[in-house]
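In what follows, a structure is listed as structure tokens, so that the remarks can point back to it.
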Protein chains: 2
Amino acid sequence: MTEPPARPTQRDIARRAGVSTATVSYVLNGRRGGAKPPPEETRQRVLRAVAEVGYQVDHAGRSLRRRRTDLVALMYPAPSSPWSDRLAEQMQAGAAERGLGVVALPQGEAASGDAALRVLRERYVDGAVLLPDCRVDPAELTRLAGRGLALVVFDDHLAPDGFDVVRQDRARACRAAVEHLVASGHRRIAYLAHPGEDGWDGVRSVKLRGYRDVLAAHGIGVDPALVLPVADSRPAAYAAVRELLRRPDPPTAVLSATDRAAIDAVWAARDHGVEVPGGLAVAGIGNIPEGVVITPALTTVGARELDFTREVARLFARLDAAAPLPGEVMAAPWELIVRASA
Amino acid sequence: MTEPPARPTQRDIARRAGVSTATVSYVLNGRRGGAKPPPEETRQRVLRAVAEVGYQVDHAGRSLRRRRTDLVALMYPAPSSPWSDRLAEQMQAGAAERGLGVVALPQGEAASGDAALRVLRERYVDGAVLLPDCRVDPAELTRLAGRGLALVVFDDHLAPDGFDVVRQDRARACRAAVEHLVASGHRRIAYLAHPGEDGWDGVRSVKLRGYRDVLAAHGIGVDPALVLPVADSRPAAYAAVRELLRRPDPPTAVLSATDRAAIDAVWAARDHGVEVPGGLAVAGIGNIPEGVVITPALTTVGARELDFTREVARLFARLDAAAPLPGEVMAAPWELIVRASA
DNA sequence: CTGAAAGCGCTTACAG
DNA sequence: CTGAAAGCGCTTACAG
């Protein structure tokens, strides 16, 4: 009785069951084109051997031969959010039906952002959904799609090019949020920014740009002291807003690049004894479910529903398609959702 | 001039540069054992061909040959949290230094939970860190480790067995939280549970068990109406606590399985005109940074620091090790952190 | 200095 | 009904 090898292969199974590796594979995966699978007796022998040594298929061997990985990814700028969680959940549901795996690729700072991209480039996955604000060169997307990677990309400017583009029209929505604050009489409006947002390229910094452009359009000077890079951290946002309110010339309104930070801005104001929206109006961006239940309910911009059914279906349609699908534009426009906080 | 193939291989590069595939590989990856790499002139020809066709290495081919994937995973029960985000960030930092990729595997409900496991079983990755409460059969971990997968597992009971185990002693910490509430005079204590926590196996349901056991030890009956499955959703927690406070016999304290939900419990109480902790004491579990800044600061149990340096280092040490490392126990005990909310 | 060849683990068209 | 063999893309010990 020899020890089972550390990582048994089909060759080991074949030897053990006294059959060829072809038969092992046929038992494990069936045969294509309606050919008859091995008879029950052979089948049992093979399955017994599989169980005895605890055989698991090796992905590298299978992928190399099949020319696909049976893995899909979702990429999003870190940190995670109700949106990335929801997308992961919906992708997993669809993937489970097809026997695929799902991996998440949170894109962090420079170096690791590129590492996430490498997972796509080197074909660890068959396809991916890219949430807004991922740092990816458009030319790279075209190349990846040209190489056969199934891609659904949230972006408001990119032209589809072998991949699908989901248009949220975030710039218009963000401008609407600022317009709303200005129309309510606010002139000193703070902005809770993503860290580093100032240095983002023009396409990605729609939020900050909406803030600046609308204020400028109304002849309101932007006070740099009112732009704070705290939108990705709830505690940082809370602390920053409390500090803001202690200043001699506090803002009368806050726009936040994330609902998460906006919600903490609301708490910060209230803890400071400042009424929302009376003493401080607060608007978020993103429309997460939490904004509905807090008091006052959060005014925000975003998609009405936390739902990616269509986008996920499109990714799987791409994967299933025999011939490459043409790139398509899908509209999922953000809206201004006025509730009680501003 | 022929079109570059859809997905060029080293063979295409070799043809284009008039060299062998061996030379292509040597140029791209260098040679081992101090052998001289190809001379500059050849190098340039190869690199030019690589650039021209936009060659990218194919992971399946490379992995099959190298017997490693250069990918590591972190697995955690969905949804994501400041903890999973932080671990992802720290893993990415370490991985980037080594040229590895990092994928996140949020473990959702039954079917997709198994899909996440498949990524480990079928060797999509070389190693993984498993955060607490992942649904994985211990025998499976032993088998995976035996197959050479590098594994660092957060678990309070498992014996290390070819993999490392991080002990947080969560049961003791959770009991301490309940003891703290009872010692403060509370008898009607609500519990915000993970959905389905009731059906979890004994090892995983340390939080709920701590709640029940300590109450029982003090002769306090557990009112099932005070156990609400809302800990994984902030809006659900908020709504549930408001509803709780409208009841004729509201609890005087709330313990939440997550700090996230605990924080929303605080807001819910305050929005209801109930003082915290005076009218409702609130304690969380997990110690996320947000709990420090809210008012009142959140009483909780958890690790003092949001830091996985040691665990991540251990994973990479395992990956780097020439011979399999023995399994090790690492202590990272949770503590009761009494702040102002309870 | 460079190439021909073997082989990683799998799948599958083909021959017997 | 079953097996021998080719080949997916890569790396590397070896021969020339």
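Below, chain A is the first sequence line, B the second, and so on; all start at residue 1. Being a predicted model, the structure only gives us computed values, none of them experimental.
- The salt bridge (charged side-chain N to carboxylate O under 4.0 Å, His left out) contacts involving residues 87-96 of chain B comprise R86(B)-E89(B), where partners must be two or more places apart or lie in separate chains.
- Under the salt bridge (charged side-chain N to carboxylate O under 4.0 Å, His left out) criterion, R123(B) pairs with no residue at all, not counting sequence neighbours.
- Screening residues 115-156 of chain A for ring-ring contact (aromatic ring centres under 6.0 Å, His included) gives Y124(A)-H59(B), F154(A)-F308(A) as the qualifying pairs, with residues at least two apart or on separate chains.
- Applying the salt bridge (charged side-chain N to carboxylate O under 4.0 Å, His left out) test to R143(A) and every residue at least two apart in sequence or in another chain returns E140(A).
- Counting heavy atoms from C-beta outward, L151(A) and L144(A) have side chains that approach closer than 4.5 Å.
- Pairs engaging residues 23-48 of chain A under the ring-ring contact (aromatic ring centres under 6.0 Å, His included) rule: none recorded [sequence neighbours left out].
- Atom CG in D12(A) sits roughly 11 Å away from atom P in dC8(C) (whole-Å rounding).
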- Per-nucleotide protein contact string for nucleotides 9-16 of chain D, where B marks a base within reach and S marks sugar-phosphate only (heavy atoms under 4.0 Å, - for neither): BBBBBB--
- Note on the structure: For DNA chain D, the expected dot-bracket line (Watson-Crick or G-U under 3.5 Å, [ ] crossing, | inter-strand) is |||.||||||||.|||
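- Partners of R15(B) under the salt bridge (charged side-chain N to carboxylate O under 4.0 Å, His left out) rule, at least two apart in sequence or in another chain, are D12(B).
- For the salt bridge (charged side-chain N to carboxylate O under 4.0 Å, His left out) test, no residue two or more places apart in sequence or in another chain qualifies with E97(A).
- Residue contacts shown for S63(B) are absent, as no nucleic acid heavy atom lies under 4.0 Å away.
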